[in-house]
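Read through the structure below, which is laid out as structure tokens, and then see the notes.
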Amino acid sequence: MQAVKMVVTGPFSAGKTQFISAVSEIDVVSTERRISSAAEQIKETTTVAMDFGRITVGPDLVLYLFGTPGQRRFDFMWEILSEGMLGFIVIVDSTRPETFREAKRILETFETYASTPFVVAANKQDHSDAWEPDDLRIILSLQNGVKVLPCVALDKESVKNVLLELLYSVLERMDEEDR
Amino acid sequence: MALKGNLRDFSTTQLLNLINLARKTGTLSIDGPQPAQLSFREGKLIYASLGNGQNDLAHVLFEAGKLNTKQLQIIQSRAGRTSDKQLGHLLIQAGYVTQSDIIQSVRQHVLDIVYKLFTWADGHFRFDANRLPEPDRITIPIDLESVIMEGSRRLKEWERLQHELPNLDVALRFTERPDARLRNINLTVEEWRVVSFVNPRNNISQIARANNLSDFQIRRIVYGLLQAGLVEFVRQQRTAPVVSKTNSTAPPAPEPVEQQSPSVKRSVVHRLIERIRNL
């Protein structure tokens, strides 16, 4: 059995758990706890360990999706989770500009862990106050080659599109390395 | 879609950089210590107003020393609802000012406002696309690159600079086609010295030492260059590429996942794509 891993990361409450839940064939295994910090009480519970979803491709191949905990005090887990990943997805809540700086920090940190392809998912694009993906690209200082994709983490088709775009980026990287 | 937030999360520099790069047209409203509005056309700053008055042409010319107090009072008493453009024509025809005086004064008024905004650390902002000043206002197109550079020079917030550039052990390189941008920017001697050392082999600390610059000085200069889009970081990778053709013959990784080989074949990626398409 070959297992392939993708990491889903992003700031606190960006929609990582919803993203994985939208496509996982198993109920997402997540360790959620009631939130104690007043500053982080946007939602009632949050992921303190990690989310874990699975998509079985065949008897010999499975794709695992790992979601990183969004709170800063669990930063130490990021490098562990990133080990051996095929690529990673940075989820950004497009309606919360106060989290963009944190998203940039997370993205830059993951870039140092491995030179794997990654995409940015601009989540909550169905909200009227969402920032446009092109504006996110500029504010996150992303190079033109990095895909910034509109996303609604509650919508399975939207999540599938993000995963597919990441896989296309992986293939493009392979092509570049073959040249 | 909306473009709104708080200056606590985005500096004025970042907002102007966004508007410049995206070539946006519209008006940025900021609820800071005073209400401020900046208008842009295709990424160029064209108009600014601060507070609830004294942004009309007569006051702008008075502040610039082109009109004296008596002239200002006469204009205010007689001009009534005369628009800025009409007033400008009248003043030129009357020989009070020249066209160049008006352009220079309006330009300086706009710049004074925008530089003031660089020091604001708090305040809700909102960008309304395609909303422009009233047509009777005099607008002067100003390149934002130079505004960003000058605003960054005036930026005294050491903490923010340290936050934006926490690590000086990274190298810089020029972005694509910096020459086109350099033509429109006025660099100080110190900035030119730093630019001359930009090279992927030199980290920021080394550039600072070579130019006898303090950490604060080099941060301020590099921050300005970054925000103006002239340079970018050269990121150091700590590990080898995960997807590597040289490992493509490695045996399939056993579970658990934490111990898997990072090697993935092209055929595996194609199978993943096919599976996700059919979800």
Side-chain angles (χ1 to χ4, degrees), chain A residues 1-5 23 25 55-58 60-64 66 80 82-87 94-101 108 111-117 125 127-132 134-135 137-139 141 143-144 156-157 159-160 163-164 167-168 170-171 173-175 177-178, chain B residues 1-6 8-10 14-15 17-22 24 125 127 163-164 175-176 226-227 229 232-233 235-246 248 251-266 268-279:
Chain A
M1 167 73 76
Q2 182 171 6
V4 177
K5 176 165 76 172
V23 290
E25 64 195 19
I55 298 172
T56 302
V57 180
D60 60 335
L61 180 62
V62 63
L63 171 66
Y64 290 122
F66 286 88
I80 299 168
S82 67
E83 196 175 322
M85 64 184 172
L86 181 65
S94 311
T95 68
R96 292 178 57 216
E98 67 271 22
T99 66
F100 295 168
R101 185 175 288 166
E108 289 174 347
E111 274 190 291
T112 66
Y113 292 152
S115 65
T116 53
Q125 286 292 310
H127 291 218
S128 61
D129 55 349
W131 283 47
E132 291 181 38
D134 284 346
D135 292 338
R137 172 188 299 285
I138 293 170
I139 215 75
S141 305
Q143 294 179 352
N144 287 337
K156 186 177 180 180
E157 290 303 315
V159 173
K160 280 169 58 179
L163 291 173
L164 286 169
L167 288 166
Y168 298 149
V170 171
L171 283 177
R173 177 70 65 84
M174 288 176 164
D175 288 343
E177 291 177 355
D178 281 345
Chain B
M1 278 192 254
L3 194 70
K4 57 184 180 181
N6 194 298
R8 284 196 304 267
D9 308 307
F10 301 97
Q14 286 175 304
L15 283 175
N17 191 39
L18 169 64
I19 290 164
N20 178 38
L21 292 177
K24 287 186 178 294
F125 66 80
F127 185 84
H163 182 84
E164 296 288 345
T175 53
E176 287 180 26
L226 285 166
Q227 292 299 324
E232 61 187 9
F233 291 123
R235 305 214 177 281
Q236 301 295 319
Q237 302 298 338
R238 282 166 42 182
T239 55
V242 171
V243 179
S244 168
K245 65 177 180 178
T246 56
S248 59
E255 288 186 337
V257 173
E258 286 72 14
Q259 294 172 10
Q260 76 176 88
S261 162
S263 163
V264 174
K265 292 179 182 175
R266 191 185 302 270
V268 167
V269 178
H270 282 294
R271 287 179 65 194
L272 290 169
I273 289 171
E274 197 58 35
R275 177 72 180 92
I276 290 172
R277 279 180 181 156
N278 294 320
L279 275 176

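Residue numbers start from 1 in every chain, and the chains themselves are labelled A, B, ... in the order their sequence lines are given, proteins ahead of strands. Below, each value reflects all heavy atoms present in this structure, side chains not excepted, and no hydrogens, waters or symmetry copies. Remember, predicted model here, so these are calculated numbers, not experimental data.
- Between B:R271 and A:D60 there is a side-chain heavy-atom pair separated by less than 4.5 Å.
- One finds the NZ atom of B:K4 at 9.5 Å from the OG1 atom of A:T95 (value rounded to the nearest 0.5 Å).
- Classified by interplanar angle (parallel below 30°, tilted 30° to 60°, perpendicular above 60°), the ring pair A:W131/B:F125 is perpendicular.
- Looking at B:E274, neither its backbone nor its side chain comes within 4.5 Å of chain A, counting heavy atoms on both sides.
- Note that NE2 of B:H270 is 10.0 Å distant from CG of A:L167, once rounded to the nearest 0.5 Å.
- Contact annotation for B:R277: both backbone and side-chain heavy atoms come within less than 4.5 Å of a heavy atom of chain A.
- Rounding to the nearest 0.5 Å places NZ of B:K265 at 8.0 Å from CD of A:Q2.
- Across A:N144, A:D175, A:T99, A:D134, the residue that shares the most heavy-atom pairs under 4.5 angstrom with chain B is A:D175.
- The side-chain heavy atoms of A:L86 and B:L272, taken from C-beta on, include a pair separated by under 4.5 Å.
- Note on A:L61, A:V159, A:L163, A:V23: by heavy-atom pairs under 4.5 Å with chain B, the leading option is A:L61.
- For a residue to count as touching a neighbouring chain, one of its non-hydrogen atoms must lie under 4.5 Å from one of that chain's; by this rule A:I55 touches chain B with the side chain only.
- Atom CD of A:E157 sits about 8.5 Å away from atom CG of B:L279, to the nearest 0.5 Å.
- Put simply, of B:V268, B:L15, B:N6, B:N17, the one with the most heavy-atom pairs under 4.5 Å next to chain A is B:V268.
- In this structure, CZ on B:R8 lies 11.5 Å from CZ on A:R101, to the nearest 0.5 angstrom.
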